[in-house]
2 protein chains.
Amino acid sequence: MPTPEADPVRPLQLGVDRGSPVPLYFQLAQQLEAAIEDGTLTPGSLLGNEIDLAGRLGLSRPTVRQAIQSLVDKGLLVRRRGVGTQVVHSQVKRPLELSSLYDDLETAGQRPSTRVLARDLVPASAEVAAALGVAEGAEVQRLERLRLAHGEPMAYLRNHLPVGLLALEEDRLEATGLYRLMRAAGITLHSARQSVGARAADGPEGEQLDESEGAPLLTMRRTTFDDTGRPVEHGSHLYRASRYSFEFQLLVRP
Amino acid sequence: MPTPEADPVRPLQLGVDRGSPVPLYFQLAQQLEAAIEDGTLTPGSLLGNEIDLAGRLGLSRPTVRQAIQSLVDKGLLVRRRGVGTQVVHSQVKRPLELSSLYDDLETAGQRPSTRVLARDLVPASAEVAAALGVAEGAEVQRLERLRLAHGEPMAYLRNHLPVGLLALEEDRLEATGLYRLMRAAGITLHSARQSVGARAADGPEGEQLDESEGAPLLTMRRTTFDDTGRPVEHGSHLYRASRYSFEFQLLVRP
DNA sequence: CAGTGGTCTAGACCACTGG
DNA sequence: CAGTGGTCTAGACCACTGT
């Protein structure tokens, strides 16, 4: 067996700008990522050892390691002790953003729109209370929307939010997604816990979504947290299975 | 508004064993994680600054930072410049492992079992070829199994693997999950790309799964990659929606 | 302003891999 | 055995936060 794809760095132009406010490790990471994306660094190729790379760039080894580590975390590089650092073999697409259905549809060129069905204060059910960390029966904001693409219904969205977190203005809700409103309000979304299942539509649900009774629906419950770990939203949504599926990526943490 | 929950470290017993082969930063991270889990470090409490912590433990600051950073990556801590490091407010459960249905069921005490329906070599379909990175029509290993819990069918599992990757012995397939076999064979699973949807069962599917025709089924397609980015498995599975849903966590990468 | 985390340096020794 | 990444140290300066 030949040695693993020997292919040290060649026409690879690396260099950092010490005048820039962008951290050096980040500049390096960006350049490496770009080189991987555009094929200058081919899958399987070795990166050359950290010490040389640091010397060539005029950086210290920890700084170079920080850049490399960030790409390892993204799944673009693999490190093996005694071997070296190589580019992964197949381009593993990056994990999906925590995005809203609205953004997903817009990205896909589907011309999304929203019809607000309800927007009021209600007492929290047991499920909502547990998700948002409030007392059962305490007031929470409720939001029910129908999401359409090309004028056709795609999903029935029901959300609950802590009171006072966000001003929900109807015209803005119809023009964009909930997550974008949150980000615009200075909320840093951090993580979400989701549960995806399926069930048959009952009569009224089917009518709202233009499906017949008994048609399969995708169900999604999601609680979203900000960067301090506080829950900022709980959703319980129904999607037409004929029109929508969830795509996502799992990463194994070593 | 009072200052954020003031609560410096008090009865927290930290200390590292320099004789241990376990890295110092890892020892510290484990102790902090345990303190968060058992409530010694309460949500919102501040950790005290890194310099002090390092001095108190006889470690350097970078080592302490490495420990803290690993917990930030896990979503257990939040750092804010000028403020400090605090424990997140709600316990965000850790992201799910890349686990097999078999393990999930076993963990839930559901006594899983497996019936192997097919185990042979077949030409790759377009979908399988694209997922595994082989030519269309090239030979791949096929595996079809019925997964049961308490003797009741839960899912119909169809997998395709590159030839020669793994010896699939029927008795071992019936006693455990595919992922555990892979790990035992020295394959390091790294990431997976998934797509989850729903559709109605057709006649034969319903019969296999003990559901009537038209019953909602959860569908899952998944391609799994090892740590070099090479695809090691592609699955196309059907789950009884009445018995199963997917739980997972999304993390936003800053 | 004082205090925090964010970045960076220039070394060191160790553990593992491969030939 | 030589070469790699993994870990660790003891400093330094900067950027941001709150009062």
Side-chain angles (χ1 to χ4, degrees), chain A residues 1-9 16-30 32 45-73 77-87 186 188 227-228 254, chain B residues 1-9 16-30 32 45-73 77-87 186 188 227-228 254:
Chain A
M1 182 176 169
T3 54
E5 295 88 323
D7 196 356
V9 187
V16 295
D17 170 12
R18 298 196 94 96
S20 161
V22 178
L24 302 179
Y25 80 90
F26 194 82
Q27 292 184 38
L28 176 54
Q30 281 184 315
L32 290 174
S45 64
L46 288 165
L47 215 60
N49 77 59
E50 298 171 348
I51 314 272
D52 285 358
L53 196 51
R56 201 133 32 83
L57 291 166
L59 297 173
S60 71
R61 187 183 167 206
T63 301
V64 171
R65 276 184 65 79
Q66 194 176 358
I68 292 177
Q69 187 58 47
S70 72
L71 297 183
V72 171
D73 290 343
L77 297 175
V78 202
R79 288 210 266 215
R80 296 168 185 278
R81 194 170 354 199
V83 177
T85 304
Q86 18 183 340
V87 181
T188 307
D227 58 355
T228 72
Chain B
M1 183 176 166
T3 54
E5 296 87 321
D7 194 358
V9 186
V16 295
D17 170 13
R18 299 195 93 96
S20 160
V22 179
L24 302 180
Y25 81 89
F26 194 82
Q27 293 184 37
L28 176 54
Q30 282 183 315
L32 290 175
S45 64
L46 288 165
L47 215 60
N49 77 59
E50 298 171 347
I51 315 271
D52 285 359
L53 197 52
R56 202 134 30 85
L57 291 166
L59 297 173
S60 70
R61 187 184 168 205
T63 302
V64 171
R65 277 183 66 79
Q66 194 175 357
I68 293 177
Q69 187 58 48
S70 71
L71 298 184
V72 171
D73 290 342
L77 296 176
V78 201
R79 288 209 265 214
R80 295 169 186 276
R81 199 180 337 209
V83 177
T85 304
Q86 3 181 357
V87 181
T188 306
D227 58 354
T228 72

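Note on naming: letters A, B, ... go to the chains in the order of the sequence lines (proteins, then strands), and numbering restarts at 1 for each one.
Distances shorter than 4.0 Å separate some side-chain N or O of A/Thr85 from OP1 or OP2 on D/dG5. Remark: A/Asn49 is in phosphate contact with D/dT4, judged by side-chain N or O atoms under 4.0 Å from OP1 or OP2. Look at B/Arg18 and you'll find a side-chain N or O under 4.0 angstrom from OP1 or OP2 of D/dT9. Distances shown here put a side-chain N or O of A/Thr63 below 4.0 Å from the OP1 or OP2 atom of C/dT9. Within the structure, a side-chain polar atom (N or O) of B/Arg65 is placed less than 4.0 Å from OP1 or OP2 of C/dG6. The phosphate of D/dT7 (OP1 or OP2) has a side-chain N or O of B/Tyr25 nearer than 4.0 angstrom. Between C/dG6 and B/Arg79, a contact under 4.0 Å exists linking OP1 or OP2 to a side-chain N or O.
Across all strands shown, B/Pro62 has heavy atoms under 4.0 Å from base atoms, whether or not it also approaches the sugar-phosphate.
In plain terms, the two heavy atoms of A/Asn49 and A/Asp52 that are nearest each other are OD1-N, 2.8 Å. Heavy atoms only, all atoms of each residue included: B/Gly19 and B/Asp17 are closest at N-OD1, 2.8 Å. Taking all atoms of both residues into account, the shortest heavy-atom contact from B/Thr228 to A/Arg80 is CG2-NH2, 2.8 Å.
Projected onto DNA chain C by closest heavy-atom contact, A/Gly82 and A/Val64 fall at different nucleotides, the more 5' of which corresponds to A/Val64. Toward the 5′ end of DNA chain D lies the nearest nucleotide of B/Leu24, the other residue of the pair B/Leu24 and B/Arg80 mapping further downstream.
Pairing for D/dC16 goes to C/dG3, judged as Watson-Crick or G-U wobble with the two contacts each under 3.5 Å.
Between the P atom of C/dG3 and the CG atom of B/Leu47 lies a distance of 18 Å, rounded to the nearest Å. When the P atom of C/dC8 is taken as reference, atom CG of A/Leu57 falls 13 Å away, rounded to whole Å.
Under 3.5 Å, the side chain of B/Arg81 and the base of D/dG18 form no donor-acceptor pair of N or O atoms.
Between the CZ atom in A/Arg65 and the CD1 atom in A/Ile51 there is a gap of 9.5 Å [rounded to 0.5 Å].
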